[in-house]
Peer 1: 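What follows is a structure written as structure tokens; I'll ask about it next.
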Amino acid sequence: MKHQRIAVMGGTFDPIHYGHLVTAEAVMYEFQTDQVLFIPSGQPPHKTQREVSPANHRYLMTLLATETNPRFFCSRIEIERTGYTYTVDTIRQLKKLYPQAEIYFITGADAFSEILTWKNPAELLNSCHLVAASRPGYSRTASAAMQQVLQEHQKTVHILEVPALSISSSDIRLRVMQGQPIKYLLPEIVENYIYKHGLYCRT
Ligand code: ATP
Ligand code: MG
């Protein structure tokens, strides 16, 4: 029997936007995964410098955005964990839940280039596939250390060209704050949620 393949996309999703959704769909197609699991982060260790919206808002926006795709799912495992959330712990937890599954962890090029600074990168690299999706504005020239990672993990680290979408959550938050339109950058249902709950009005 073919083992199940699960693509996993972690993120702050503050808010989720079409850059995330297009990337997830491309990975699902390219690597023939059965589903994509979106995992909004709890307290992200690298985002302590700015206030992140409450986890429940981020979870609900992610759920709304993924609901129309029968193969997209949204998980609460990170937001229910206390303290900082680290990807390596999440992958370990997923491997316990789905012992037979092959996991493809998706990162944008920016997140991928920082992977060696994450908790326990060696375990992460050895426990799942990593897909680095190209993202406009982020250089693809890898540092020497990253080149070594790419070389040593050729079979499990993949670079994927995704249709260029220079959308980012930070830009969307700024636009909301400045009263600029965000229409067509993210699903309409998420846009409505942002306005209904008054998110991103203040810094
Ligand atoms: P922020 O601007 O607040 O950092 P973001 O748009 O980068 O938000 P995150 O929640 O930080 O969104 O990203 C989650 C994951 O999605 C990361 O791996 C990131 O690199 C990736 N990602 C985000 N936007 C895009 C995009 N437009 N194209 C490809 N990957 C993306
Ligand atoms: Mg980001």
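Sequential numbering from 1 along the given sequence is applied to the chain's residues. As the structure lists them, so they are numbered: ligands from 1, and atoms in each ligand from 1.
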Peer 1: Is there a ring-ring contact (aromatic ring centres under 6.0 Å, His included) between His20 and Phe38 once you walk through the steps?
Peer 2: CA-CA 9 Å; His20 301 124; Phe38 289 77; 7.9 Å; no
Peer 1: Measuring from the heavy atoms of Val162, does anything fall under 4.0 Å of ligand 1?
Peer 2: no
Peer 1: For Glu152, is the CD atom crowded, meaning more than 12 foreign heavy atoms sit under 6.0 Å from it?
Peer 2: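 Check passes, neighbour count above 12.
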Peer 1: Tell me, yes or no, whether the heavy-atom count around Gln180 atom CD, taken from other residues, nucleotides or ligands under 6.0 Å, exceeds 12.
Peer 2: yes
Peer 1: Among Leu160, Leu21, Val131, Thr23, whose heavy atom sits nearest atom 29 (C) of ligand 1?
Peer 2: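 Looking at heavy atoms only, the winner is Thr23.
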Peer 1: Give the minimum heavy-atom separation between Pro15 and Tyr200, together with the two atoms involved.
Peer 2: N-OH, 3.1 Å
Peer 1: Can you sort out which atoms of ligand 1 are near Ser168, meaning under 4.0 Å from one of its heavy atoms?
Peer 2: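 Matching atoms, with element in brackets: 2 (O), 6 (O).
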Peer 1: Counting only N and O atoms by type, is there a donor-acceptor contact under 3.5 Å from the side chain of His197 to the main-chain atoms of Leu199?
Peer 2: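 It does not hold such a pair.
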Peer 1: Identify the residue among Glu25, Glu67, Met9 that makes a side-chain contact (heavy atoms from CB on, under 4.5 Å) with Phe72.
Peer 2: Glu25
Peer 1: Suppose I only count heavy atoms of Thr12 and a 4.0 Å limit; which atoms of ligand 1 are within that range?
Peer 2: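 In order of numbering, the contacting atoms are 10 (O), 11 (O).
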Peer 1: Check each atom of ligand 1 against the heavy atoms of Arg173 and keep those under 4.0 Å away; list them by number with element.
Peer 2: 3 (O)
Peer 1: Less than 3.5 Å between some nitrogen or oxygen of Phe13 and one of ligand 1, yes or no?
Peer 2: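 Phe13 vs ligand 1: N/O contact under 3.5 Å present.
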Peer 1: Aromatic rings Phe31 and Tyr104: how do their planes relate, parallel, tilted or perpendicular, breaks at 30° and 60°?
Peer 2: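 Tilted.
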Peer 1: Are more than 12 heavy atoms, taken from residues, nucleotides or ligands other than Ile189, located less than 6.0 Å from that residue's CD1 atom?
Peer 2: no
Peer 1: Would you say Asp14 contacts ligand 1, with heavy atoms under 4.0 Å as the rule?
Peer 2: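 Asp14 does not count as a contact of ligand 1 under the 4.0 Å cut-off.
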Peer 1: With heavy atoms of Ala111 as the reference, note each atom of ligand 1 found under 4.0 Å away.
Peer 2: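 Every atom of ligand 1 under 4.0 Å from some heavy atom of Ala111: 18 (O), 20 (O).
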Peer 1: Do you know which two heavy atoms are closest between Cys128 and Ile103, and how far apart they sit?
Peer 2: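 It is CB-O, 3.4 Å.
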Peer 1: Against heavy atoms of Thr107, which atoms of ligand 1 measure under 4.0 Å?
Peer 2: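 Matching atoms, with element in brackets: 18 (O).
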Peer 1: With heavy atoms only and a cut-off of under 4.0 Å, state how Ala133 meets ligand 1: side chain, backbone, both or neither.
Peer 2: neither
Peer 1: Of all the atoms in ligand 1, which lie at a distance below 4.0 Å from a heavy atom belonging to Gly11?
Peer 2: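 Once the distances to Gly11 are compared, the set is 10 (O), 14 (C).
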Peer 1: Which atoms from ligand 1 have a heavy atom of Ser170 less than 4.0 Å away?
Peer 2: 1 (P), 2 (O), 3 (O)
Peer 1: Evaluate Leu165 for polar contact with ligand 1, using N/O atom pairs at a separation under 3.5 Å.
Peer 2: yes
Peer 1: Answer yes or no: does an N/O atom from Ile167 fall short of 3.5 Å to an N/O atom of ligand 1?
Peer 2: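 N/O-N/O distance under 3.5 Å: yes.
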Peer 1: Regarding atom 17 (C) of ligand 1: of the candidates Ala24, Ala109, Gly108, which has the closest heavy atom?
Peer 2: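 The nearest heavy atom belongs to Gly108.
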Peer 1: Would you name the heavy atoms of Arg81 and Thr90 that are closest together and state the gap between them?
Peer 2: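 So the two residues come closest at NH2-OG1, 3.1 Å.
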Peer 1: Under 4.0 Å from any heavy atom of Gly10, which atoms of ligand 1 are there?
Peer 2: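 What qualifies from ligand 1 is 14 (C), 15 (C).
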Peer 1: Can an N or O of Ser134 be found at a distance shorter than 3.5 Å from an N or O of ligand 1?
Peer 2: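 In fact, backbone or side chain, Ser134 has no N or O that close.
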